[in-house]
> 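So that we are looking at the same thing, I have put the structure below in structure tokens.
Numbers here are sequence positions counted from 1.
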Amino acid sequence: MFRYVLLCASLAAGCILAGKTLFHYFQLESYQFPGYFRTLRRNLPKSFLPGLLTAVVTSAVMFIALIFIPGKKSILVYIIPSVLIIAGGYGIGRFFYEKKAKKALVYTPRMKRLYVVAAIVFTVIPLLAVISLGSGTDGNIFEHSVYFILIIFPLLLPVWTACAGLLAWPVEKLISELYFRDAQKILKSRSDLIRIGITGSWGKTSVKFILGTMLEEKYHTLVTPASFNTPMGVTKVIRTRLEPGHRVFVAEMGARHVGDIKEMCRLVHPQIGLITSVGPQHLDTFKTVERVARTKYELIDALPEDGHAFFSDDNGICRNLYKKTMIHKSITGLQADSDDVWAEDIVFSENGSSFCLCTKEIRLPCITSLLGELNIRNILLCAAVCLELGMTGEQIARGIEKIRPVEHRLQLIPSPGGITVIDDAFNSNILGAQQAFKVLKEMPGRRILVTPGMVELGAVEEEMNREFGKSASGCCDTAILVGRKRSVSISDGLIDSGFSKENIIVVSSLAEAEELLKTLARSGDTVLFENDLPDNYSE
């Protein structure tokens with residue numbers, strides 16, 4: 001039996017190595033099974049070819065071992081195939097894994113635990129199948145049946161990966177809850193700490209960093225880093241970064257499912273809540289904008305009676321949410337007659353923006369290096385919070401001047417050869433894209449758009465990308481569309497709006513687009529990178 005255990009264990013190791021991309025998909029989808037299976041469907045070749053090739057390698061090495069290694073009972077018949085299967089799995093995994101992954105596989109403690117569970121599952125399942133054959137089976141038939149089981153097993157590698165995730169889930173849930181409660185206890189002990197929650201369909205990361213920069217003019221502030229916006233991400237920040245000297249804690253709250261914000265509020269218990277926007281984002285999980293709005297409003301529902309809700313005025317869903325809110329509330333925007341904090345005398349340039357921040361009591365001249373109207377709206381939302389927390393006009397203006405562009409969000413990047421590059425590649429939505437297109441339109445010289453369009457919009461994705469193309473048509477001279485299949489609806493929108501088909505270039509990848517720009521772009525041109533797809537959306 002030892003030799004069969006050896007073969008099953010080596011096959012498990014080979015499958016784990018070959019399935020590196022599958023584990024990466026699972027991590028990119030936050031270990032959520034619906035998202036994992038959607039990613040498999042979007043990337044069928046990368047999902048099933050590793051398992052198929054592992055089965056082919058297993059079949060080949062077994063055959064070679066039986067033919068060329070003398071003495072059927074020799075331990076070499078099992079050791080050599082074991083080594084070759086593991087080596088083959090390693091090679092297959094390296095071949096299919098994206099070498100320049102935008103968000104690489106990270107070997108977190110959770111991923112390491114998943115690998116351990118996978119090693120057990122991938123060993124035990126074929127071994128149980130071998131044992132179930134029974135000792136009474138004819139020797140040759142038994143031997144060949146074992147080989148058949150080992151060859152067939154890798155074909156369902158995506159399913160076995162999901163099984164490992166399912167078996168690991170109870171342990172992960174227990175560990176998460178222990179860390180979660182520890183973070184709750186830490187926050188509960190800090191009665192002096194002002195807790196702020198930020199959510200929205202888009203803009204929340206930008207608002208988080210803008211607010212953190214402004215608040216630092218008066219308060220020692222902890223802001224959740226990067227896109228840490230899940231319960232476990234925020235839990236880690238509280239447990240490892242919150243210091244006694246911090247006076248304000250700002251938590252970004254992301255959501256892909258109804259109830260996600262409520263869970264975040266169970267951890268943070270915010271006293272102040274900001275909703276930056278509500279719109280068609282993550283519709284592959286939410287299905288409708290109405291469910292998006294209900295989920296975002298979970299933040300306001302969680303505020304105490306003496307809490308304060310802040311809304312960015314979109315003259316639509318956010319304003320309606322503002323109207324129905326019964327606790328202390330503020331709304332900010334560009335309308336002097338209906339907003340509590342608004343902007344006047346806005347001037348944009350390639351170096352940033354200037355404007356006058358207004359309330360019924362003050363008029364405050366401000367300058368910022370940020371581009372676009374959307375960023376002005378974000379600053380106004382943060383300014384309203386700062387005013388509520390007792391900051392002076394001088395502190396607010398100084399904080400606004402210190403704000404720097406968030407990476408990949410309308411970020412001006414120095415480029416050789418006199419080419420202006422605007423990086424808005426983090427995540428695209430129709431409103432943010434329209435704002436980026438307006439910024440591009442104001443730029444001098446020839447304007448080049450590089451984009452794969454928008455994702456995670458469910459059934460309306462094609463329609464929204466056509467609208468995306470229409471919005472871009474009057475703002476660029478050349479459009480480089482990334483993705484042969486995905487670009488069709490964008491191209492249709494461009495052409496429907498009168499954009500010349502000759503000025504549309506379709507490429508297969510961002511790397512191909514960047515190579516093209518080396519010969520296409522020249523001094524005086526402006527290049528806008530609008531959105532960049534994660535690895536689980538590559539064609």
Side-chain angles (χ1 to χ4, degrees), residues 1-26 36-37 40-41 43-97 114-168:
M1 180 56 67
F2 168 75
R3 55 184 184 265
Y4 299 124
V5 174
L6 177 64
L7 284 175
C8 290
S10 62
L11 179 64
C15 286
I16 288 173
L17 292 169
K20 183 177 181 179
T21 295
L22 299 175
F23 288 97
H24 190 200
Y25 288 162
F26 204 42
Y36 171 70
F37 285 114
L40 294 184
R41 288 195 298 270
N43 301 277
L44 288 175
K46 283 189 175 182
S47 299
F48 287 94
L49 280 178
L52 175 61
L53 290 179
T54 303
V56 171
V57 168
T58 303
S59 176
V61 298
M62 291 293 187
F63 177 78
I64 292 170
L66 288 173
I67 295 297
F68 294 101
I69 299 177
K72 190 175 180 182
K73 298 299 182 181
S74 170
I75 192 65
L76 291 176
V77 176
Y78 304 97
I79 292 179
I80 292 176
S82 296
V83 172
L84 292 175
I85 289 170
I86 293 172
Y90 176 77
I92 292 167
R94 280 183 60 86
F95 179 79
F96 283 99
Y97 184 72
L114 178 59
Y115 268 121
V116 171
V117 174
I120 296 170
V121 170
F122 291 7
T123 301
V124 169
I125 289 177
L127 189 59
L128 289 176
V130 168
I131 294 171
S132 69
L133 291 174
S135 57
T137 308
D138 176 81
N140 286 331
I141 296 176
F142 179 80
E143 197 83 12
H144 287 89
S145 298
V146 170
Y147 295 152
F148 178 76
I149 290 169
L150 297 179
I151 292 167
I152 291 298
F153 177 81
L155 296 177
L156 295 177
L157 185 53
V159 177
W160 304 136
T161 303
C163 287
L166 183 62
L167 290 173

> Compile the donor-acceptor pairs under 3.5 Å between side chains in residues 157-164 and protein atoms, sequence neighbours left out, one pair per line.
residue, atom, partner, partner atom, Å
W160, NE1, F153, O, 2.8
T161, OG1, L157, O, 2.9

> Got a sec, which residues hit side chain to side chain contact (heavy atoms under 4.5 Å, CB included) with V56, two or more places apart in sequence or on another chain?
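With sequence neighbours excluded, V56 shows a side chain to side chain contact (heavy atoms under 4.5 Å, CB included) to no residue whatsoever.
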> Find the distance between CZ (F48) and CG (L53) and round it off to the nearest 0.5 Å.
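Those atoms lie 13.5 Å apart.
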> Pair up each side-chain donor or acceptor in residues 7-18 with any protein partner under 3.5 Å, not counting sequence neighbours, and list the distances.
residue, atom, partner, partner atom, Å
S10, OG, L6, O, 3.2
S10, OG, L7, O, 2.8
S10, OG, S82, OG, 3.2

> Quick check for you: to the nearest 0.5 Å, what is the distance between F95 atom CZ and L49 atom CG?
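If we round to the nearest 0.5 Å, F95:CZ and L49:CG are 9.0 Å apart.
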> For P45 and P50, which heavy atoms make the closest approach, and how far apart are they?
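In terms of heavy atoms, the two residues are closest at O-CD, 3.9 Å.
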> Between L150 and P126, what is the shortest heavy-atom contact and its length?
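In terms of heavy atoms, the two residues are closest at CD2-CB, 4.3 Å.
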> Measure centre to centre between the rings of Y25 and Y36, then say whether the value is under 6.0 Å.
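Ring centroids of Y25 and Y36 are no less than 6.0 Å from each other.
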> Could you tell me whether the side chain of F96 reaches within less than 4.5 Å of the side chain of K20, counting heavy atoms only?
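A side-chain contact under 4.5 Å is absent here.
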> If the condition is ring pair (Phe, Tyr, Trp, His ring centres under 6.0 Å), which residues does F23 pass it with, not counting sequence neighbours?
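Scan of F23 (ring pair (Phe, Tyr, Trp, His ring centres under 6.0 Å), adjacent residues dropped) gives Y115.
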> Taking only residues two or more places apart in sequence or in another chain, which ones pass side chain to side chain contact (heavy atoms under 4.5 Å, CB included) with L128?
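With sequence neighbours excluded, L128 shows a side chain to side chain contact (heavy atoms under 4.5 Å, CB included) to V124, given in chain and number order.
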> Show me the pairs that pass side chain to side chain donor-acceptor pair (under 3.5 Å) and involve residues 50-63, at least two apart or across chains.
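Matches after skipping sequence neighbours: none remain.
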> Atom CD1 of I151 and atom CZ of F148: how far apart are they, to the nearest 0.5 Å?
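Taking CD1 in I151 and CZ in F148, the distance rounds to 8.0 Å.
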> Nearest 0.5 Å, what's the CD1-OG1 distance between I92 and T21?
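Answer rounded to 0.5 Å: 11.0 Å.
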> Can you tell if the side chain of I125 reaches within under 4.5 Å of the side chain of V121, non-hydrogen atoms only?
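A side-chain contact exists here, since the closest heavy-atom pair is under 4.5 Å.
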